[in-house]
Structures are given as C-alpha cells and as structure tokens.
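Chain naming here is simple, since letters A, B, ... match the order of the sequence lines and numbering starts at 1 in each. Just the heavy atoms: all of them, side chains too, but no hydrogens, waters or symmetry mates, feed the values below. These numbers come from a predicted model, not from an experiment.
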There are 2 protein chains.
Amino acid sequence: MATLMAMGRWEPDAKGRMIRAALDLFTERGFEQTTAGDIAASAGVTERTFFRHFADKREVLFDGSATLQHTVHDAILAAPGELTALEAALAGMAAGGGLLQERREFAVRRARIVAADPSLQERELLKLAAMTESTAEALRSRGVAEPAASLAAHSAVSVFHVAFASWITAEDPPGFDVCIGRTATSLRALI
Amino acid sequence: MATLMAMGRWEPDAKGRMIRAALDLFTERGFEQTTAGDIAASAGVTERTFFRHFADKREVLFDGSATLQHTVHDAILAAPGELTALEAALAGMAAGGGLLQERREFAVRRARIVAADPSLQERELLKLAAMTESTAEALRSRGVAEPAASLAAHSAVSVFHVAFASWITAEDPPGFDVCIGRTATSLRALI
DNA sequence: CGGTCGATGTCAGTCACTGTCATACGCGGT
DNA sequence: ACCGCGTATGACAGTGACTGACATCGACCG
C-alpha cells in the first residue's frame, strides 16, 4: 500500500522534482536557454526519464491543466439547472479559479515564464481551447444546443482569460471569483 | 521592372512553390510524416532555403495570416463611428472573411491539414490570439476602454472562429458574412 | 529465494532548426 | 560590353528536442 503511485527506483516524486527544477531554471535563464537535460540533471535523473514523464519540454509547465479542466467540467454539470448556459459556464470558471487561488505564488511565477516565450503561449492557448471544448460538451449535457454551447463556452473562457490576467497582475489580489464577476459584468454590457 | 520582389537565383516564386508543395505533401502523407527537406526538394530548393523563407516548418501553412490581421484591423478603424465596440469588431471579422472567401478551396484543404495535427492547431490559436490583440488595439483607437476592448475583441474572434468552422464544413457554402451574422445573432441571444 | 512488473539508465538515431562561408545571378554604373 | 554589389541560394557542420530498443535495478508476490 506504500507504492500506490509513481515513485521510481531511487528518490520519490521524480516528476515533482523536475517540475520544481524547471520552474527555477526557467526563471533564472529563461525557457529557451534551458535544455531538457539541464532540468533532468537538476532533478537527479536522466534526460530520457524527463521525456517519459512529460510529452515534451513545455508540458513540464502544464501539469495541472487536466485537473483544472475536469474541475471546470464537473462544476458546470453540478450547477443549478435554472442557470442559463453562460451563467453555468461562468460558474465553472469560478470553480476553476478557486484551484489556482490556492497556489497563487506558483501561478504568478509560471505566468511570467509563459509570457516570455511564444511557444509556451501556444501551449497555453491549446490548453484553453481544450477547456473550451470540454466546457461546450458539459453545456450540451445540460441540454444546450449548438452553436449556443460553443459560443457560451468561448465567452466564458474568454472571461476566464481576461479575469486571470487582471488577477495575476493585481498587487493586492482580490478573490478570483470577484475578478470573474467584474469581467462578466463588463461582457454583459457589451451586448 | 520584372524583378520587383523575391525571385531567387533560379526559378521565380520559390516561396509560392514551397507553399504549394507543402500543401500537397501534407495532404498525401500528413504533416509529421513530411520533413522540411521533403518540401524543399519537391520545390526544387534546399532545406536551408526553406528555413530562410519560413521561421519554422509550420509557418508554411500560415503565410496569409498577417494580411488577414491587417485587413481586419483596417476595417475596424474604417467602420462607422456610431457602431458599438462589438459591432465594429464584427465588421472587421466580416472583412477578414471576405479574404478567405476568395480562396475557399485552399482554405478547406488547409483546414483539413490543421485539424489533423495538434501542433498546427497551436499555431492557428496563436495567430487568432494575435488577431484578438490587434482587434483590441483597433477598438482602443476608437475610444473603447478596457476591459471592454479586450472582451469585445475576444467575442468577435470567437464568432469568427465558430463561423469559420461552420463555413468550412458547409457543403453548399453561404457567404462568410452570412455565417458571421447568424453566429453573432446566437451570441446576442446568450446574454 | 526466484519470478515478475514498473521505472530508470544507456545508446544510437532522426529531424527541426541555426550559424557560417562560398557562390552565382540580376542589376546599376561606367 | 565590362565591372562591382547586393541578395538569394547551396553546402556543411553543429545543437537540441525527441524516440526506439535494450539492459538493469528495486519492490513486491508468491
């Protein structure tokens, strides 16, 4: 029962060590100036092991994205039935924001690294696109038809995106749900 | 006067030949199974020349993106002053759609290739993000404040995205502006 | 104590991309 | 017609991201 998950031959939590090492090295030298071998060595493993844990060099910065996506998806399904499509999707985004809120320091460091490299922004956009599709699927499960489901999903993720930017920038961080609420209000004023 | 632009040492339009060769090879074998050297050889140049014309292998499929972005940007600036932020942004998207409409066959083949490879979807998302930022900047030039400018830009590009998907899928292609109009109507119904 | 399974190390290989230098074409000047 | 000159290209070597194949080690299971 002590070896339920992961753990390799030597020290435990090889994946976590690589994630932390990558965050440090990327902060010091930048993403491009850090090789996969550097990260692996810094974590006490070989380069080959790095690529067994992460599909590519960028993925080391996106370990929590699947969890975030599932949290959002589940929150949408669990939202009160009387909510509109957009309201339910926004409730999901607020739930996802709660996850980030618990590790704001990590989120800020990570955001700085991503902002400095276009290839990391690409990957971030791909994760957001996956969250958009997952959100649309959840809305369809609630009986929302196309193209309303896709549009509501895109709108909600856009709100998440804009709200995240303001939350990460703020010096005195308000709650993520507050940022989402403000941004959603601005969106409603547009139409 | 015959050598105003481009032209290499041998045959003219090396860039155009590489773009067409890439489209053919990607269609036949797929993106990953085609090397940059394959495309170059098929176009009668060396691999090194390929990378002189395109920043990376994926860019060969995104040659028109800068033109599209500028067209959208200019159309927003040229839109009637009495339009709301979202209306002006949507007018820009319709103008951009007009560009794609002129080469629908190319757009369809290209879309199929992109849909089959995640790394190409990443690049497409990055181009859309650039268009979003450019759109937001144009709206700010019209006096729209933040976060309304960013949100209107995100909303308009989302409409463009969803409308494009329906336009590319349709067997009997309606006008792109019609698709945008329908999608925009669905968006307004959300809120 | 031997067998099995999973995570790791090792090594060779492909391909995307880059820097450098030599070369050849088109063009303007004389 | 000849001569430089700028620019696009060819040739070549090198780095780093990733992958496949195989051997090894350690923990658990009987």
Nearest whole Å is fine: how far is C/dC17 P from B/R58 CZ? 7 Å
With respect to the phosphate group of C/dA7, does any side-chain polar atom (N or O) of A/H53 fall under 4.0 Å of OP1 or OP2? no
Could you tell me how far apart B/R52 (CZ) and C/dA16 (P) are, to the nearest whole angstrom? 17 Å
Among B/E59, B/E133, B/E122, whose salt bridge (Lys or Arg N to Asp or Glu O under 4.0 Å) with B/K127 holds? B/E59
For the pair made of CZ in A/F54 and P in C/dT8, what is the distance, rounded to whole Å? 11 Å
In whole Å, what is the span from the CD atom of A/E32 to the C1' atom of C/dA16? 13 Å
Atom-to-atom span, CZ of A/F51 to P of C/dT14 - whole angstrom: 18 Å
Whole-Å gap separating C1' (D/dA17) and CD1 (A/I39): 11 Å
Parallel, tilted or perpendicular, as decided by the 30° and 60° cut-offs, for the rings of A/F176 and A/W167: tilted
Side-chain heavy atoms under 4.5 angstrom apart, residues restricted to Ile, Leu, Val, Met, Phe, Trp, Tyr: same cluster for B/I168 and B/V72? yes
Looking only at side-chain atoms of B/K57, point me to the closest of D/dT9, C/dA16, C/dT8. C/dA16
Between the base of C/dG19 and the side chain of B/R48, is there a donor and acceptor pair under 3.5 angstrom? yes
Surrounding CZ of A/R103 (heavy atoms of other residues, nucleotides or ligands, distance under 6.0 Å), is the total greater than 12? no
When you measure from the side-chain N and O atoms of B/T35 to the phosphate of C/dT14, is any distance below 4.0 Å, counting only OP1 and OP2? no
For A/F160 and A/F164, take the angle between the two ring planes, folded into 0 to 90°, and tell me which bin it lands in: parallel under 30, tilted 30 to 60, perpendicular over 60. parallel
Atom NZ of B/K15 and atom C1' of D/dA8 are separated, to the nearest Å, by 13 Å
To the side chain of A/A36, which of C/dA16, D/dA17, C/dT8 is closest? D/dA17
Quickly work out the A/D117 CG to D/dG16 P distance and round it to whole Å. 16 Å
With nearest nucleotide decided by heavy atoms, which residue, A/E47 or B/D56, maps closer to the 5′ end of DNA chain C? A/E47
What contact category does A/S119 fall into here, base, sugar-phosphate, or nothing, at under 4.0 angstrom with non-hydrogen atoms? nothing
Side-chain N or O of B/T46 versus OP1/OP2 of D/dA11: is the shortest distance under 4.0 Å? no
